[in-house]
Number of protein chains: 2
Amino acid sequence: MQLHKRDVVAAATALLDSYGLADLTMRRLARELGVSPGALYWHFANKQELLGAVADQILATVPEAAGDWRARIEGVCAGLRDALLSHTDGAELVSASFAAGQSAVMRRILDRLTDAVTEAGFAPAHAELAARTVVYYVLGFTVDEQSRLQWDAAGAELPADQSVLDDDADARFRFGVDLLIDGIRVADPSVLR
Amino acid sequence: MQLHKRDVVAAATALLDSYGLADLTMRRLARELGVSPGALYWHFANKQELLGAVADQILATVPEAAGDWRARIEGVCAGLRDALLSHTDGAELVSASFAAGQSAVMRRILDRLTDAVTEAGFAPAHAELAARTVVYYVLGFTVDEQSRLQWDAAGAELPADQSVLDDDADARFRFGVDLLIDGIRVADPSVLR
DNA sequence: ACCTGAACACCGTTCAAGT
DNA sequence: ACCTGAACACCGTTCAAGT
């Protein structure tokens with residue numbers, strides 16, 4: 001039967017979770033779907049575009065955050081990190097797709113953060129910059145965290161107090177988010193609208 | 001005559017500047033040096049390690065910053081961004097090498113930032129986190145800036161008021177750095193030592 | 001409209017064998 | 001110690017031709 005975009009994205013996500021980003025190749029994906037490599041290029045212009053669709057699939061679980069601007073920033077950051085950690089190499093994939101401008105959902109998340117910073121009193125242009133700073137932090141932190149997690153998982157047996165390490169990572173993550181929120185809170189009045 | 005590590009890194013940097021990261025391949029580099037591809041693996045364990053050496057070469061120009069902790073953070077950030085923008089795809093290459101833990105100089109830069117944040121009053125563990133946040137920002141911002149710059153350069157003719165755009169990018173960059181410095185300045189006393 | 005088959009132009013890495 | 005030659009096991013992308 002016919003190949004649909006969503007089947008391709010689903011198969012790609014499964015491949016990612018099982019074997020990681022390095023093994024998510026167009027040829028291997030085609031093999032998994034039982035089609036020739038060229039078939040994928042009817043549905044996607046190139047690999048970058050396909051990876052962008054996978055990134056958006058991963059980000060689909062990031063919930064809308066409610067509350068005041070601080071709560072919304074914290075909520076979006078936590079939801080974003082959770083989504084990235086839910087898939088093998090998720091942070092690296094989304095980070096690359098965002099940099100390549102291939103993730104529509106990532107742009108929406110940026111917009112939501114920009115709204116929150118605007119509510120904190122920033123003029124629109126500065127609000128987007130502050131929102132970008134938040135996104136760079138979440139992506140940078142989580143790429144780092146995930147590479148260590150996956151390295152540890154591949155290596156020695158996990159220590160029994162795994163949860164302590166998890167809690168620590170959570171706390172470390174929130175520390176950086178709070179640092180950015182503090183910066184936004186006390187920003188020089190000249191940037192406010 | 002004999003192939004030395006520094007010749008390989010110099011040729012790799014030249015290839016990067018002329019053709020970009022995508023065309024910096026082990027085979028092409030070997031061809032440029034007049035050796036067989038396998039020869040490179042006598043001097044470097046793998047491509048990642050070689051790219052790390054190129055990253056460190058790029059970062060060699062980042063100057064030591066002096067002054068109080070704020071001036072040092074601003075100086076390191078500005079010097080880092082300048083170094084990255086001086087080579088085609090420099091930001092992307094250094095970002096990837098840093099994430100892969102292959103850049104010794106990047107670790108030293110992180111240490112210098114950690115020292116500065118410690119002087120601002122943070123306990124060591126929190127100081128490193130804040131320093132990482134700064135690094136994530138500089139890398140994220142500059143990867144983004146450079147991809148736009150290179151996209152524009154490849155496309156339409158540059159407008160006459162190019163310098164205005166440059167100044168704008170400088171100001172935008174400093175805005176984010178100041179946001180982080182503000183966050184560090186007013187951080188919750190519980191994280192201070 | 002959607003896909004196949006086959007080709008094009010490459011990759012990173014390894015390793016016996018040479019000097 | 002340092003490098004070659006050749007192989008291994010792949011890549012992303014294109015495109016005439018088929019249905």
Side-chain angles (χ1 to χ4, degrees), chain A residues 1-16 18-55 88-89 92-93 95-97 99-103 147 150-151 154, chain B residues 1-16 18-55 88-89 92-93 95-97 99-103 147 150-151 154:
Chain A
M1 72 239 135
Q2 265 225 55
L3 195 60
H4 282 103
K5 254 178 147 119
R6 73 186 112 75
D7 306 322
V8 178
V9 174
T13 307
L15 222 42
L16 182 73
S18 303
Y19 307 102
L21 188 56
D23 286 340
L24 175 43
T25 70
M26 298 300 268
R27 283 169 176 277
R28 181 138 185 203
L29 179 55
R31 211 188 309 143
E32 213 79 22
L33 288 162
V35 297
S36 102
L40 299 175
Y41 290 86
W42 181 261
H43 300 278
F44 299 91
N46 48 45
K47 188 180 181 181
Q48 258 201 4
E49 196 179 295
L50 192 150
L51 291 181
V54 176
T88 311
D89 296 332
E92 201 185 328
L93 169 59
S95 192
S97 292
Q102 296 285 348
S103 171
S147 85
Q150 292 177 180
W151 202 90
Chain B
M1 75 238 133
Q2 265 226 55
L3 195 59
H4 282 103
K5 252 177 149 125
R6 72 184 113 78
D7 305 322
V8 178
V9 173
T13 307
L15 222 41
L16 182 72
S18 303
Y19 306 102
L21 188 55
D23 286 339
L24 176 42
T25 68
M26 297 300 269
R27 282 170 176 277
R28 182 138 185 202
L29 179 56
R31 211 189 309 143
E32 213 79 21
L33 288 162
V35 297
S36 102
L40 299 175
Y41 290 85
W42 181 260
H43 300 277
F44 300 91
N46 48 43
K47 189 179 180 181
Q48 259 200 4
E49 196 179 295
L50 191 149
L51 291 182
V54 176
T88 310
D89 296 332
E92 202 185 328
L93 169 60
S95 192
S97 293
Q102 295 286 347
S103 171
S147 85
Q150 292 178 180
W151 203 89

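Letters A, B, ... mirror the listed sequences (proteins, then strands); counts begin at 1.
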In this structure, how many angstroms lie between the P atom of D:dA1 and the NE2 atom of B:H4, rounded?
14 Å
Rounded off to whole Å, could you give me the CG-to-P distance for the B:L21 and C:dG12 pair?
11 Å
Here the pair of heavy atoms bringing A:L93 nearest to A:A55 is CD2-N, 4.4 Å
For D:dC3, take OP1 and OP2 only and decide whether either is under 4.0 Å from a side-chain N or O of B:H43.
yes
Among D:dC3, D:dC11, C:dG12, the one nearest any side-chain atom of B:Q2 is D:dC3
For A:H43, does its backbone N or O pair with a side-chain atom of A:K5 as donor and acceptor, under 3.5 Å?
yes
How many whole angstroms separate atom CG of B:L50 from atom P of C:dC11?
14 Å
Is B:R27 close to B:P37 at the side-chain level, that is, under 4.5 Å between some pair of heavy atoms?
yes
Are the side chain of A:Q150 and the backbone of A:D89 linked by a donor-acceptor contact shorter than 3.5 Å?
yes
Just how far, in rounded Å, is C1' of D:dG12 from CZ of A:R27?
7 Å
Taking a pair as Watson-Crick or G-U wobble with both distances under 3.5 Å, which nucleotide is matched to C:dC15?
D:dG5
Heavy-atom nearest nucleotide on DNA chain C taken for A:V35 and for B:L24; more 5' hit belongs to A:V35
Considering only heavy side-chain atoms of A:S36, the closest of C:dT4, C:dT13, C:dC11 is C:dT4
Just the rounded figure in Å: distance from P of D:dC10 to CG of A:L29.
16 Å
Name the closest nucleotide to the A:Y41 side chain, picking from C:dC3, D:dT4, D:dT13.
D:dT13
Between A:R31 and A:A45, the residue closer to the 5' end of DNA chain D by nearest nucleotide is A:R31
Nearest-angstrom distance from the residue atom CZ of A:R28 to P of D:dC11:
8 Å
For A:L3 versus A:A39, what's the shortest heavy-atom pair and its separation?
CD2-CB, 4.4 Å
Find the distance B:K5:NZ to D:dC2:P and express it as a whole number of Å.
11 Å
Rounded to whole angstrom units, what separation is found between the CZ atom of A:F44 and the C1' atom of C:dC3?
15 Å
Closest to the side chain of B:L3, out of D:dT4, C:dC3, D:dC3, is D:dC3
Please determine, for the side chain of A:A39, which listed nucleotide (D:dG12, C:dC11, C:dC3) has the closest atom?
C:dC3
Ignoring backbone atoms, test whether B:W42 places a side-chain nitrogen or oxygen under 4.0 Å from the OP1 or OP2 oxygen of D:dC3.
no
Give me the distance, rounded to whole Å, that separates C:dA9 from D:dA9 when you measure between the P atoms they each carry.
24 Å
